[in-house]
Amino acid sequence: MDTARTMSRRALLFGRDGDDRSERTPGAARVPSPLVLRPPWALPGSAFARACTGCVACVDACPEQVLVLRKGKAVFDPERGECSFCHACVDACAPGALRDEGKDAPWIQRAVVDDACLGARGVVCASCRDACPAAAILIPPAARGAACIDADACTGCGACVAVCPTDAIHLHQSEESAA
């Protein structure tokens, strides 16, 4: 069986090959995020856990290869790249764990930057800004501070997560949806 998968243009341009990105540099393993990120348009809370059968249809349908199966459920792994919100996972989900009814955003997470950001240390870096398809990341000129996320523009796609050389960007639940 041919296991070769096509690569998106964005993955090619940003050096993502679809393989597990747990190794960044020799000897330096990435620390996985403690937050479990469900696929886009996942049913809320325990409804997703009940509906997801672990059939991997959404994982196989994802052209960006950012959905993986963990503990028998589909999850989004931003270390593998970004979600393009192409809808292929929703279309492939026969059990109905992923549903786009046209009224809600695909999910409620947003990117946040921690103090490991190179800009906060006076080092010029814009890898996250360059990767962001929503132009939601602002970099102060001449490395005068950390990257800043425009929460209103951020889609939570995860494009900025894997390209950050210091793992300073993470996805978290947005404030307005936590209430």
Side-chain angles (χ1 to χ4, degrees), residues 1-22 30-112 128 131-137 149 151-164 167 169-179:
M1 178 169 93
D2 184 13
T3 59
R5 294 180 67 165
T6 59
M7 183 184 313
S8 71
R9 284 182 281 166
R10 184 172 295 279
L12 177 66
L13 291 172
F14 288 107
R16 300 182 200 126
D17 60 6
D19 290 338
D20 183 6
R21 297 182 53 86
S22 62
R30 285 188 77 97
V31 177
S33 171
L35 180 64
V36 175
L37 302 170
R38 292 182 303 216
W41 295 288
L43 293 174
S46 61
F48 173 75
R50 285 190 308 273
C52 180
T53 63
C55 70
V56 304
C58 62
V59 173
D60 291 341
C62 179
E64 302 298 338
Q65 302 173 18
V66 295
L67 297 182
V68 295
L69 200 64
R70 292 210 180 114
K71 297 183 181 178
K73 304 293 178 196
V75 297
F76 168 60
D77 182 359
E79 299 297 333
R80 297 176 64 89
E82 76 180 275
C83 178
S84 63
F85 306 110
C86 68
H87 219 270
C89 57
V90 175
D91 296 340
C93 183
L98 308 178
R99 292 186 197 155
D100 180 11
E101 297 169 354
K103 58 185 174 190
D104 295 321
W107 48 36
I108 57 174
Q109 65 248 16
R110 298 292 179 261
V112 294
C128 58
C132 182
I137 302 176
I149 308 292
D152 292 331
C154 179
T155 63
C157 72
C160 56
V161 174
V163 299
C164 180
D167 299 332
I169 301 181
H170 311 279
L171 296 179
H172 291 281
Q173 302 303 322
S174 64
E175 295 295 323
E176 69 272 5
S177 46

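With sequence neighbours excluded, the residues satisfying side-chain hydrogen bond (donor to acceptor under 3.5 Å, both in side chains) with Asp91 are His87. Contacts of Cys93 classified as side-chain contact (heavy atoms from CB on, under 4.5 Å), with partners at least two apart in sequence or in another chain: Pro95, Ala97, Leu98. Among residues two or more places apart in sequence or in another chain, the side-chain contact (heavy atoms from CB on, under 4.5 Å) test is passed with Ala47 by Leu43, Arg50. In terms of the side-chain hydrogen bond (donor to acceptor under 3.5 Å, both in side chains) criterion, residue partners of Arg70 (sequence neighbours excluded) are, by chain and number, Asp77. Under the side-chain contact (heavy atoms from CB on, under 4.5 Å) criterion, Ala153 pairs with Ala136, Asp150, not counting sequence neighbours.
Looking at every heavy atom in both residues, Cys132 comes nearest to Ile137 through CB-CD1, 4.0 Å. Shown here for Leu67 and Cys58, the closest heavy-atom pair between the two residues is CD1-O, 3.7 Å. The two residues Ala162 and Pro78 have their closest heavy-atom pair at CB-O, 3.6 Å. Across all their heavy atoms, Ala74 and Leu69 have their closest contact at N-CD1, 3.7 Å. Of all heavy-atom pairs spanning Ile169 and Val161, the tightest one is O-CG1, 3.8 Å. Here the closest heavy-atom approach between residue Pro40 and residue Phe85 is recorded as CB-CD2, 4.3 Å.
Taking CG of Asp60 as the reference point, atom CD of Gln65 lies at 10.0 Å (rounded to 0.5 Å). A distance of 4.0 Å separates OG of Ser84 from CD of Glu64, quoted to the nearest 0.5 Å. The distance from the CG atom of Leu171 to the SG atom of Cys157 is 8.0 Å, given to the nearest 0.5 Å. The CZ atom of Arg38 lies 10.5 Å from the SG atom of Cys52; values are rounded to the nearest 0.5 Å.
Side-chain contact between Gln109 and Leu37 is present, with heavy atoms from C-beta onward closer than 4.5 Å. No side-chain heavy atom of Cys83 sits less than 4.5 Å from a side-chain heavy atom of Pro106.
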_If you apply the rule side chain to side chain contact (heavy atoms under 4.5 Å, CB included), what do you find for Val59 with Val68, and how did you get there?_
CA-CA 6 Å; Val59 173; Val68 295; 5.5 Å; no
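Contacts classified as side chain to side chain donor-acceptor pair (under 3.5 Å) and involving residues 151-164 (residues at least two apart or in different chains) are not found. Counting only residues at least two apart or on different chains, the ring pair (Phe, Tyr, Trp, His ring centres under 6.0 Å) pairs with a member in residues 46-77 are Phe76-Trp107.
Side-chain atoms of Lys73 come within 3.5 Å of backbone atoms of Ala49 as a donor-acceptor pair (strictly under, hydrogens ignored).
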